[in-house]
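Sequence lines set the chain letters: A, B, ... in the order given, protein chains first and strands last, and positions in each chain run from 1.
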2 protein chains.
Amino acid sequence: MNEQLKCIGTPRFFPKGSFLFRQGDKINNLFFIQRGLLKAYYETLDGKEFIKSFIRDGEFIASLQAIVEGNPNSFTVLSLEDCSVLEVTKQALVDQIANNPALTQVVNSLLLKLAIKKERREYELLCMSPEERYLIFCERECEIFTRLSQNDIARYLGITPVALSRIRKRCRLVGGCQV
Amino acid sequence: MNEQLKCIGTPRFFPKGSFLFRQGDKINNLFFIQRGLLKAYYETLDGKEFIKSFIRDGEFIASLQAIVEGNPNSFTVLSLEDCSVLEVTKQALVDQIANNPALTQVVNSLLLKLAIKKERREYELLCMSPEERYLIFCERECEIFTRLSQNDIARYLGITPVALSRIRKRCRLVGGCQV
DNA sequence: TTAATTCATTAACTCAAGTTAAATAAAATG
DNA sequence: CATTTTATTTAACTTGAGTTAATGAATTAA
């Protein structure tokens, strides 16, 4: 979390189960998470949910497409726990960058980190089986793992809760994964 | 393609079927494509191929992880047609940015575009079926579609050529897709 | 033009994920 | 504590993708 951002942001509290923003909204804000846990997800017309990412303290969430291209936003962000966040408007960020060019570097490195994160997610969805994705998720996200429901984990992996339950059983039998 | 990049890049020619770089290499260069078509792909130990993206004129390809974090690069880039590219070293780019801060904006917008592109790919891999991915690919990439083999298209969609052939048959029967 | 090679389709079979519904288990509530 | 509600597991069945191998079509080379 950057100190310079704190100056231009508004602190906000979102109790567990509240929306930061929703699919279809016009968004012009970025949210820097200071405490808590959230999920960003797509919802289809027939009510299916696909979780894009979990966002935790130290990370930020924004709809690039909405902010940059002015499109209505394509996903929903919901708090899974009580959350303290810093809300920054696009305008405040742009103004601040004008005053303080060093901030461009900060934005640059955030974007770079985001691109790398998305590239890794692409790799996992493209090259790995649901079972492999589950195992690597247990390992890498072990800290938030216990704070999530099977349902949410399944929707993040791109499978149904039923399929995840079967995968967990398989892993238990093999003895590799005792989570 | 940015004029400022042209000054610091070296023009190179890659005939069809040659590698720009390979999985495992240490890369410090970015490549801006001026003409041609390439594929970037992951290769597994047992020889399976997964195509990360196709890159065409006006786009650039680089290994962010390799350049930023100094890791060995995780994918291979191969030319599918004769290609004219502009090779820019990380060092030249960094130097140029020091001299010319405006270039930071250029890099910023490239990164932003990349992040948005990856977000769209994430959406397709997470939320869409192989069949839906195929149909949207036909539609959106119709220009390069005819220049690609079924094999490469399948590996981009995350399925086997056999599965793609079956999908094409299904679509033909329905009559929706006559590609 | 033929032969060789590569690319695409089809068939038969296996396996894992989706779907629906029922059965447990766990958590929240009165 | 008992009850309700929610979360997770299991079962039975369907569907679609992977695998292997054979066939057919299109390209390339001789």
Side-chain angles (χ1 to χ4, degrees), chain A residues 15-17 37 39 41-51 54 78 80-82 124-138 144-174 176-179, chain B residues 15-17 37 39 41-51 78 80-82 124-135 137-138 144-174 176-179:
Chain A
K16 172 177 175 173
L37 183 63
K39 65 174 173 181
Y41 61 96
Y42 300 104
E43 250 174 326
T44 62
L45 291 174
D46 52 332
K48 280 178 195 152
E49 176 181 325
F50 297 92
I51 299 184
F54 298 109
L78 175 74
L80 298 173
E81 300 174 355
D82 288 350
E124 289 170 9
L125 288 170
L126 181 64
C127 306
M128 293 178 142
S129 68
E131 181 166 332
E132 289 171 318
R133 291 203 290 273
Y134 172 68
L135 290 172
I136 212 172
F137 182 78
C138 295
I144 61 170
F145 184 85
T146 49
R147 294 149 73 186
L148 297 168
S149 70
Q150 300 302 316
N151 203 309
D152 280 344
I153 293 173
R155 296 312 180 185
Y156 174 78
L157 298 175
I159 58 178
T160 60
V162 176
L164 178 56
S165 181
R166 285 190 289 233
I167 287 173
R168 283 160 58 84
K169 190 178 189 183
R170 281 206 300 271
C171 294
R172 247 180 278 134
L173 290 176
V174 176
C177 178
Q178 48 269 56
V179 194
Chain B
K16 173 177 175 172
L37 183 63
K39 65 173 173 181
Y41 61 97
Y42 300 105
E43 250 173 326
T44 62
L45 291 173
D46 51 332
K48 279 178 197 153
E49 178 181 324
F50 298 91
I51 299 183
L78 176 73
L80 298 173
E81 301 175 354
D82 289 351
E124 290 170 8
L125 289 170
L126 180 64
C127 306
M128 292 178 143
S129 68
E131 183 167 330
E132 289 171 318
R133 290 203 290 273
Y134 172 67
L135 290 173
F137 182 77
C138 294
I144 61 170
F145 185 85
T146 49
R147 292 148 74 186
L148 297 168
S149 70
Q150 300 301 316
N151 203 309
D152 279 343
I153 293 173
R155 295 314 180 184
Y156 175 78
L157 299 175
I159 58 178
T160 60
V162 176
L164 178 56
S165 182
R166 285 189 289 232
I167 288 173
R168 284 160 57 84
K169 190 179 187 179
R170 282 206 298 270
C171 294
R172 247 180 278 133
L173 290 177
V174 177
C177 177
Q178 48 269 58
V179 195

Exercise. Can you list the steps and then say if A:Ile153 with A:Ser149 is a side chain to side chain contact (heavy atoms under 4.5 Å, CB included)?
Worked result: CA-CA 6 Å; A:Ile153 293 173; A:Ser149 70; over 6 Å; no
For this session: Could you give me the CA-CA distance, side-chain angles and deciding distance for A:Tyr156 and A:Tyr134, then say whether side chain to side chain contact (heavy atoms under 4.5 Å, CB included) is met?
Result: CA-CA 10 Å; A:Tyr156 174 78; A:Tyr134 172 68; over 6 Å; no
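- Within the helix from C:dT1-D:dA30 to C:dG30-D:dC1, the inter-axis angle between the opening and closing five-pair segments is 40°, rounded to 10°.
- Rounded to whole Å, the distance from CZ on B:Phe50 to C1' on D:dA17 is 13 Å.
- Heavy-atom minimum distance, B:Cys171 versus B:Leu135: SG-CD2, 3.8 Å.
- The separation between B:Lys169 atom NZ and D:dG16 atom P is 14 Å, rounded to whole Å.
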Listed pairs under 3.5 Å, donor-acceptor, residues 43-51 of chain A side chains, sequence neighbours left out:
{"residue": "A:Thr44", "atom": "OG1", "partner": "A:Asp46", "partner atom": "OD1", "Å": "2.7"}
{"residue": "A:Thr44", "atom": "OG1", "partner": "A:Lys48", "partner atom": "N", "Å": "3.0"}
{"residue": "A:Thr44", "atom": "OG1", "partner": "A:Lys48", "partner atom": "O", "Å": "3.4"}
{"residue": "A:Glu49", "atom": "OE2", "partner": "A:Lys39", "partner atom": "NZ", "Å": "2.9"}

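- Distance check: B:Arg166 CZ to B:Lys169 NZ gives 10.5 Å after rounding to the nearest 0.5 Å.
- Nucleotides of DNA chain C that come within less than 4.0 Å of any heavy atom of chain B span, from the 5' end to the 3' end, C:dA8 to C:dA12.
- OP1 or OP2 of D:dT19 lies within a sub-4.0 Å distance of a side-chain N or O belonging to B:Lys48.
- Between the C1' atom of D:dG18 and the CD atom of B:Glu131 lies a distance of 17 Å, rounded to the nearest Å.
- When distances are taken from the side chain of A:Arg166 to each of D:dA12, D:dT9, D:dT19, the shortest belongs to D:dA12.
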List, one per line, each side-chain donor-acceptor pair under 3.5 Å for residues 124-133 of chain A, sequence neighbours excluded.
{"residue": "A:Glu124", "atom": "OE1", "partner": "A:Arg140", "partner atom": "NH2", "Å": "3.4"}
{"residue": "A:Glu124", "atom": "OE2", "partner": "A:Arg140", "partner atom": "NH1", "Å": "2.8"}
{"residue": "A:Glu124", "atom": "OE2", "partner": "A:Arg140", "partner atom": "NH2", "Å": "3.0"}
{"residue": "A:Ser129", "atom": "OG", "partner": "A:Glu132", "partner atom": "N", "Å": "3.2"}
{"residue": "A:Ser129", "atom": "OG", "partner": "A:Glu132", "partner atom": "OE1", "Å": "3.3"}
{"residue": "A:Glu131", "atom": "OE1", "partner": "A:Arg170", "partner atom": "NE", "Å": "2.9"}
{"residue": "A:Glu131", "atom": "OE1", "partner": "A:Arg170", "partner atom": "NH2", "Å": "2.8"}
{"residue": "A:Glu132", "atom": "OE1", "partner": "A:Ser129", "partner atom": "N", "Å": "2.8"}
{"residue": "A:Arg133", "atom": "NE", "partner": "A:Leu157", "partner atom": "O", "Å": "3.1"}
{"residue": "A:Arg133", "atom": "NH1", "partner": "A:Met128", "partner atom": "O", "Å": "2.8"}
{"residue": "A:Arg133", "atom": "NH2", "partner": "A:Leu157", "partner atom": "O", "Å": "2.9"}

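- Two residues are said to be in side-chain contact when any heavy atoms from C-beta on lie closer than 4.5 Å; B:Asn151 and B:Leu164 fail this criterion.
- Using a 4.5 Å heavy-atom cutoff, the side chains of B:Tyr41 and B:Asp152 are not in contact.
- Going from atom CZ of A:Arg172 over to atom C1' of D:dT10 covers 11 Å, rounded to whole Å.
- Residue B:Arg170 places at least one side-chain N or O closer than 4.0 Å to OP1 or OP2 of D:dA17.
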Problem set entry | B:Leu148 and B:Leu37: CA distance, side-chain angles, deciding distance, side chain to side chain contact (heavy atoms under 4.5 Å, CB included) verdict | CA-CA 9 Å; B:Leu148 297 168; B:Leu37 183 63; 3.9 Å; yes
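- We find that OH of A:Tyr134 is positioned 11 Å from P of D:dT8, with the value rounded to whole Å.
- The side chain to side chain contact (heavy atoms under 4.5 Å, CB included) search around A:Ser165 returns none, not counting sequence neighbours.
- Near-neighbour residues of DNA chain C inside residues 148-156 of chain A, defined by a heavy atom below 4.0 Å, are absent.
- In this structure, CD in A:Glu81 is found 9.5 Å from CD1 in A:Ile144, a value given to the nearest 0.5 Å.
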